[in-house]
Amino acid sequence: MKRTNEQAPITAEMSPADLSRRSRTRRSWAEPYKIKMVEPLTMTSPAQRRQAIEEAGYNTFLLKSKDVYIDLLTDSGTSAMSDRQWAGMMMGDEAYSGSENFFHLEEAVRSAYGYPYVVPTHQGRGAEHLISRILIKPGDVVPGNMYFTTTRLHQELAGGSFVDIIVDEAHDTMARLPFKGNVDLAKLQRVIDDVGPERIPYVTIGATVNMAGGQPISMQNLRDVHQLCKRYGIRIILDATRAVENAWFIKDREPGFADHTVAEILFEMCSYSDGATMSGKKDLLVNIGGFLALREEDIYDQARSLVVVYEGMHTYGGLAGRDMEAMAIGIAEAVQDDHIKARIGQVEYLGQKLLGWGIPIVEPVGGHAVYLDARRFLPHLTQDQFPAQTLAAELYVEGGIRAMERGIVSAGRDPNTGKNHHPKLELVRLTIPRRVYTQAHLDVTAECIADLYERRHTIPGLEMVYEPKYLRFFQARFQPLVLETLATPDLTPELALAD
Ligand code: F0G
């Protein structure tokens with residue numbers, strides 16, 4: 001746990017209240033739960049892991065989970081549900097229509113997020129699909145604070161194109177700024193001036209921004225974007241997938257919010273948008289589920305009609321009643337300050353440990369994951385040798401730890417030119433599932449990364465040998481490049497392995 005070491009010395013003048021405050025600031029926090037059920041993990045040898053990653057085409061998505069020791073591939077659908085949520089699963093009302101659990105979910109979304117209309121979907125991309133089909137016409141432009149893979153693809157499949165309006169600092173892994181998820185208002189204004197407001201069906205706002213390293217957007221920026229869009233009659237659709245984590249950062253970092261609850265902050269954040277797409281598999285502590293939430297009745301009517309085609313009736317949207325119940329309970333648990341403090345504190349713990357050893361990560365540490373900066377970790381590889389893909393594969397071999405590439409492979413190709421996008425960020429995401437791993441797991445993870453960092457010069461890059469058409473990072477296959485073709489290794493200072 002994080003300790004505050006810079007304590008004020010105890011002096012004779014201190015009152016009992018001063019002493020109590022001092023001890024409170026020194027005390028570590030711990031998770032606000034205890035463990036009731038465990039799932040055994042498989043331990044493997046380096047030789048077994050070499051074989052497993054080769055069979056998986058050097059793509060961590062294609063590994064079998066039984067071959068993984070610590071699974072940091074994603075925080076999506078991998079969280080531990082509470083005993084309350086499991087109890088809720090037993091209360092599933094599996095009626096084809098009008099399930100009681102749907103009404104619980106609707107009420108939970110209304111009270112936590114403030115949107116009156118809710119359409120359940122099987123997961124986040126189901127909601128993205130619906131809103132993209134309803135609002136985007138061919139030739140439209142959808143600005144957003146950095147792309148997300150599935151969100152952008154649905155916008156493109158509906159005939160739109162995505163334009164990035166995030167602040168420049170989001171692309172700089174070393175810029176230590178509190179709100180690197182902010183929209184650059186001048187960039188947004190430029191898009192509006194260039195294409196005209198009538199060709200912008202909505203602006204997507206991610207909170208926090210996954211591809212930027214889990215970086216938050218500030219409340220002030222949300223207000224400013226809202227003002228600007230209102231002037232032109234442009235809607236804002238919030239990607240609320242990790243908005244609770246964003247609310248914590250606002251409480252922690254933005255002046256004026258320290259005394260607000262995370263629940264209050266979340267509600268205000270949502271008030272600056274016209275609707276939200278949601279993957280309940282993250283903040284909401286469920287293994288499956290999502291929703292589209294809206295303020296406008298006529299758009300809701302269209303969504304209610306369309307969801308029947310792709311997901312299911314508008315009162316289940318591809319989910320079992322029990323899944324909706326677990327998500328409704330998860331909403332109430334997700335917005336508890338103690339829960340979110342421990343969740344983000346755990347991610348911060350891993351990040352600080354790596355930083356202490358001089359390992360290059362995205363700073364500040366994000367909400368749901370620590371991101372290794374593969375460009376600085378493997379400087380001898382060019383981006384076309386897939387440094388982040390390489391690093392993720394090698395980390396698996398090193399310690400059985402599964403992470404995810406978030407770089408040139410994830411960025412895919414421009415649909416018009418067919419050329420690879422070359423994102424500035426070339427990252428490996430160590431994603432922390434909620435309420436799943438202990439601090440000791442994170443220590444082991446950090447130690448494996450440190451060992452890998454020491455032998456980084458010996459790591460050859462990869463070449464892609466199979467590329468699927470859509471969202472290639474999920475199924476692409478690779479093979480190692482021959483080591484002799486590598487450039488001279490970069491000799492960065494060795495690790496300071498002091499604790
Ligand atoms: N938006 C964001 C910001 C996401 O991170 C995700 C999923 C989605 C939308 C889509 O939701 O998976 O429920 O369909 N992110 C997962 C991840 C896959 O690992 O980051 P989904």
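Side chains are part of it too, since the values below use all heavy atoms of this structure and drop only hydrogens, waters and symmetry mates. Counting begins at 1 with the first residue of the sequence. Counting convention: from 1, in listed order, for ligands and their atoms alike.
In this structure, Y300 has its ring center closer than 6.0 angstrom to the ring center of Y117. The ring of F61 has its center closer than 6.0 angstrom to the ring center of F473. A distance of 6.0 Å or more separates the ring centres of Y466 and F478.
For ligand 1 and T74, the ligand atoms under 4.0 Å from any heavy atom of the residue are 17 (C), 19 (O). Below 4.0 Å from some heavy atom of M404 lie the following atoms of ligand 1, by number and element: 19 (O). Within ligand 1, the atoms closer than 4.0 Å to a non-hydrogen atom of R242 are 3 (C), 4 (C), 5 (O), 17 (C), 20 (O), numbered from 1 in the order shown. Of all atoms in ligand 1, numbered sequentially from 1 with element shown, those under 4.0 Å from a heavy atom of T241 are 1 (N), 2 (C), 9 (C). Counting atoms of ligand 1 from 1 in the listed order, those under 4.0 Å from a heavy atom of G124 are 11 (O), 13 (O), 14 (O), 21 (P).
At the top of the distance list for atom 7 (C) of ligand 1, counting protein heavy atoms only, stands K282 NZ, 2.7 Å. The closest protein non-hydrogen atom to atom 12 (O) of ligand 1 is R125 NH2, 2.9 Å. Nearest protein heavy-atom neighbour of atom 21 (P) of ligand 1: Q123 NE2, 3.3 Å. For atom 13 (O) of ligand 1, the nearest protein heavy atom (residue, atom name, distance) is S279 OG, 2.6 Å. Considering only non-hydrogen protein atoms, atom 9 (C) of ligand 1 sits nearest to E128 OE2, 3.0 Å. Looking only at heavy atoms of the protein, atom 6 (C) of ligand 1 is closest to F148 CE2, 3.2 Å. For atom 20 (O) of ligand 1, the nearest non-hydrogen atom of the protein is R429 NH1, 2.8 Å.
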Next item on the list: Just do the side-chain contact (heavy atoms from CB on, under 4.5 Å) check on R434 and D75 with the steps written out, would you?
Entry: CA-CA 7 Å; R434 294 160 191 82; D75 62 331; 2.8 Å; yes
Margin query: Assess the residue pair V183 and I205 against the criterion (side-chain contact (heavy atoms from CB on, under 4.5 Å)); give the C-alpha distance rounded to whole Å, side-chain angles, the decisive distance to 0.1 Å, and a yes or no.
Written below: CA-CA 8 Å; V183 167; I205 298 295; 3.6 Å; yes
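Looking at D239 next to ligand 1, an N or O pair under 3.5 Å apart turns up. Among the atoms of T150, none of the N or O lies under 3.5 angstrom from an N or O of ligand 1. Every N/O-N/O distance between K281 and ligand 1 stays at or above 3.5 Å. Between L73 and ligand 1, not a single N/O pair is under 3.5 Å apart. Polar contact with ligand 1: absent for T151 (N/O pair, distance under 3.5 Å).
Listed for the E426 side chain is no donor-acceptor partner under 3.5 Å among the backbone atoms of F386.
Side-chain contact of H129 with R133: a donor-acceptor pair under 3.5 Å is present, judged by distance alone.
Under a cutoff of 6.0 Å and an axis angle of 45°, R152 and Y147 form a cation-pi pair.
Using a 4.0 Å cut-off between heavy atoms, M211 makes no contact with ligand 1 at all.
The number of heavy atoms from other shown groups lying within 6.0 Å of CZ (R322) does not exceed 12.
Ionic pairing of K180 and E363 is not present here: no N-O contact between side-chain nitrogen and carboxylate oxygen is shorter than 4.0 angstrom. Between D301 and R304 there is a salt bridge, since at least one side-chain N of the basic residue sits less than 4.0 Å from a carboxylate O of the acidic one.
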